[in-house]
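Read through the structure below, which is laid out as C-alpha cells, and then see the notes.
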Amino acid sequence: MSILVNKNTNVLVQGITGKEGSFHTLKCLEYGTNVVAGVTPFKGKTLFNNSVPVYNTIDEAKKEHRIDATMVFVPAGFAASSIVEAIEAEIPLIVCITEGIPVMDMLNVKNALNCSKSIMIGPNCPGIITADECKIGIMPGFIHKKGKIGVLSRSGTLTYEAVNQLTKAGLGETTCIGIGGDPIIGSPFITFLKMFEDDPETKAVVMIGEIGGTAEEEASEFIKKNMKKPVVGFIAGKTAPAGKRMGHAGAIISGGVGTAPAKLKTMEKNGIFIADNPSVIAETAKKALNL
Amino acid sequence: MDIHEYQAKEILNNHNIKTLRSVLCRNGEEAYKAYQTLSSPVCAVKAQVHAGGRGKAGGVKIAKSADETRSIAEKMIGMTLVTAQTGKEGKKVRKVLIEEGAEIIKEFYLSLTIDRKTASIAFVLSAEGGMEIEEVSKNAPEKILTVPINPGHGLKSFHMLKMFLFLGIEKNLYNDFSNLVSLLYDTFIKEDMSMLEINPLILTGANTFIPLDAKIILDDNASIRHPYFNDFIDEDEEEPLEVKAKSVGLNYIKLDGNVGCMVNGAGLAMATMDTIKEFGAMPANFLDVGGTADAKRVETAFNILLSDKNVKGIFINIFGGIVKCDMVAEGVVAAAKNIGLKLPVVVRLEGTNADIAAKIIESSGMNFIVGESLADGAKKISDIVNG
C-alpha cells in the first residue's frame, strides 16, 4: 500500500516533447512508471521515444487509454490552461512540475479544482513518488526505498536530503510528495496527511515546511485533532530575513506572518516531533516511532 | 517586484483611476519648474524609494512656493532615507514626486492582497487611514475589515456595500466609492498584482475619493504577459550583487554573516543557512545555484560570494539528484582554479556519484575540506570562520 500512486497507475505527460518534459519522462520510464501517453498540441499521432503515443489533446488521449494521473511540464504561461484541461477531463491526479505560474492563474485553477473530482499536487514541486513503484516527477529515484515513512514537503532538494537520511537509516518511505513552493498550490499538507493516516503501511509522516504563509500551522491543528500516527516536522528558514523572497515564491515573511519560530511553536504545541536541524530528521523519526 | 509610487499611479491612471496631478523630478531645478507647472498653492515633495513609512522618516514634505519646493527637493535628493521598512542601512533618494495639494476631509486605508489561505483576493479596509495600519490591526482589530473575494464569483455589489457601510461614509457618495472599488479590483487582476495598497485613500473637499499614495507589488511571474514590468525595474533600488546574480539566473540574497553559501535548491539553501547558525556562525547570503551547477555557473557564483568582503569562508552544499556530483565537483575545482580562490572552502556533495566527487575534491590541490554531511560541513566551516 501507499497513497495516490502505485505500480498500476497509468500516467499521461502534458508537454511531453519539451526539453524538461522529454528528459524527465525518460527518467520516469526508467524508474518503471507506466507512462501511457503524452500530450503536445500539434504533435498528435507521433511517438515519443518510439513507444509512447502523443496526442494533441487530453480528450484524444482518453479515447485510447485509461489515465489515472497527469504530469504537467507545460511552460508557465500556458500551464494553467493545461491544468484546467486536465480538471475538465476529470483526471483524478494532476501533478504540476512547472515553476513560475502567475498567481492570478493559480487563483483560477484553485477555484476550478474546488468544484472538481481532481486532486492537484504542485505547481513548482518535485512531484510524487511511491518507492520502487511509480515516480511522477523530477526527484532522483534511486534515493528512495520502500519502507514506512510518508514524506510531505514544500521543497525539492531539501526533501531529497530527508529521504536520503530515511533510506540510510533503514526506515524507508511509502510515498513522498512535494506539495510545491508557490503561495497558491493545488493541495495543502492536510489533503495528504489524511491519506497517510488511513494508509496501513505508513507508520509515521515527515512534514518539511518553510517560512511563509500558514500551511504548517493549519496542518498542525489538523494533526492534533485527526491523527494517531506520529508526525515529524522541520521548518527551513530560521535565519531568513523578513520581506525577502527566499527562492520559492511562497517563502516570504510578510507582515509578521510566516516566521519559523511561530510555526515551530504551533507545531510543538500540537504534538509534532520537531527536528531542530535538517540533519536529525531521520533520527527524530526513529524517536517518534520508539525505535 | 516592488515599483515606485509614480509608476503605481501611472498604472492606476491607465485604468481610469484618478490621482492628483504630479511631476517626477530628479533635481531641484526640475522641482522648481514642477511647482510652477502644477500652479497649486501647496505641493507635496515625496521621496521615490521602494519602501513605505516615508512620511515619518522625513520623505514627504509640504512646500508653499517654487523656491521652497526646490530647496526641499535638493535636500531630499541624495539623502539616505531610513524608514521602518528599509532596515538600518536605509535607501538613497534619487527621485522625488512633486504633487499638487488637495483639501482632505477624511483619510481611509484600502488595500488588496492575495489571501493564501482562502486562495482569494482580499480587500482590507479601515476608516483609520494614514496611520500605521500594523498598529491599528494590533491595538484595535475591530477597526479593520477584511473582505475576501472568490475570484470565480468576482466582486459583487454586496461586497462593496459591506465595505462602504463599515467605513461609515455618507450615502450620497456610494456611487463614487463603488466605482473606485470595482476599478481597483479589475486593475488588480488585469495587471497581475500581488499587492495594491492605498494609504491614505482621501475624501476631498470636492466629495471625490482619490488615492493619495499607492504602493503596488507586481507578480514577477506575470511579466511574461506584461512586457512593461521590465521597464519598471529600478536597479538603483536593488542590492547590486542581487542584480548581477539575477542576470545569470542565480538566486542570491545578501545577509549579514561571514559564511558564503552555495547550495542547489531554495529549501536546502535555507536549511543550510539555519544549520550554519546552529554551529555558531552566520550565513553571509542565500544562494540557490539551481539545477545545473556547471563550472560556469559555479564560477559566477564564486565571484558573487567573493564580492562580499565579509565572507571569510565558503560552504558548498549540493544534493546531486539528477545532477551528478562528480560533474559538480569538476565544476567547483575548475572555477576555483580559474579565479585563484584563496578562502577556505568546505564542500559537501551528496547523491549521485558522491564518492567519485569526494576524490576529485580531495586530490584537487586546492584549499578544500570535505564535509561528510550537512551538519559536518556546517560545523567545519563555522569552526574555521570562528577561528
Side-chain angles (χ1 to χ4, degrees), chain A residues 23-24 27 76-77 100-108 110-112 114-115 126 138-140 142-143 153-161 164 181 183-184 208 210-215 218 234 236-241 243-251 255-256 260 276-280, chain B residues 85 87 113-114 116-117 119-121 134 137 150-153 188-190 192-195 219-225 251 253 255-257 263-278 282-283 286 288 291 317-323 350-352 373-376 378:
Chain A
F23 177 81
H24 288 290
K27 296 275 169 196
I101 301 178
V103 174
M104 223 48 88
D105 291 7
M106 274 311 298
L107 287 183
N108 288 327
K110 186 83 182 167
N111 193 58
N114 286 342
C115 351
I138 59 173
M139 63 289 273
F142 71 93
I143 57 171
S153 173
R154 279 170 67 187
S155 164
T157 44
L158 179 55
T159 319
Y160 313 159
E161 175 79 40
N164 199 43
I184 308 289
I208 300 165
E210 59 189 31
I211 53 159
T214 53
E218 285 142 36
F234 172 75
K238 278 185 211 168
T239 43
K244 288 274 188 185
R245 240 168 250 286
M246 306 304 281
H248 292 155
D276 286 325
N277 75 68
S279 302
V280 297
Chain B
Q85 294 180 16
T113 50
I114 306 281
R116 294 167 67 150
K117 196 171 168 182
S120 62
I121 296 169
E134 288 86 0
S137 77
N150 178 327
H153 304 164
F188 186 83
I189 293 173
K190 250 186 214 146
D192 280 286
M193 296 177 190
S194 311
M195 196 201 65
D219 176 9
D220 299 69
N221 288 347
S223 61
I224 41 176
R225 56 186 173 222
N251 206 328
I253 293 166
L255 302 167
D256 296 333
V263 188
N264 67 332
L268 189 59
M270 278 190 275
T272 304
M273 288 157 45
D274 298 346
T275 311
I276 290 168
K277 192 186 173 195
E278 295 239 341
M282 282 302 278
F286 166 95
D288 174 8
N317 184 21
I318 304 284
F319 198 104
I322 303 295
V323 194
E350 182 64 81
T352 321
S373 66
L374 170 51
D376 181 58

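Residue numbers start from 1 in every chain, and the chains themselves are labelled A, B, ... in the order their sequence lines are given, proteins ahead of strands. Here the structure is a predicted model, which is why all the values come from computation and not from measurement. When reading the values below, keep in mind they use all heavy atoms of this one structure, side chains included, and skip hydrogens, waters and symmetry mates.
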Expected output: side-chain A:Asn277 to main-chain B:Thr275 donor-acceptor under 3.5 Å: no
Non-hydrogen side-chain atoms of A:Leu158 and A:Phe234 separated by less than 4.5 Å: yes
A:Ile101 backbone acceptor or donor facing B:Asn221 side chain under 3.5 Å: yes
Polar side-chain atom of B:Asp288 near backbone of B:Gly265 as donor-acceptor pair, under 3.5 Å: yes
Closest-packed option against chain A by number of heavy-atom pairs under 4.5 Å, given B:Asp376, B:Asp220, B:Asn251: B:Asn251
Max heavy-atom pair count under 4.5 Å with chain B, selected residue of A:Ser155, A:Pro183, A:Ser279, A:Gly156: A:Pro183
For chain B, the option from A:Ala260, A:Gly213, A:Ala76 that forms the most heavy-atom pairs under 4.5 Å: A:Gly213
Residues in side-chain hydrogen bond (donor to acceptor under 3.5 Å, both in side chains) contact with B:Thr272, at least two apart in sequence or another chain: B:Asn317
Closest-packed option against chain B by number of heavy-atom pairs under 4.5 Å, given A:Ala251, A:Gly243, A:Pro102, A:Gly247: A:Pro102
Between A:Pro140, A:Gly77, A:Cys115, A:Ser153, the one whose heavy-atom pairs under 4.5 Å with chain B are most numerous: A:Pro140
Selection from A:Glu210, A:Lys238, A:Glu161 maximising heavy-atom pairs under 4.5 Å formed with chain B: A:Glu161
Min side-chain heavy-atom separation B:Met273-B:Ile276 under 4.5 Å: no
Among the listed options A:Ala240, A:Gly250, A:Pro241, the residue most often paired with chain B at heavy-atom distances under 4.5 Å: A:Gly250
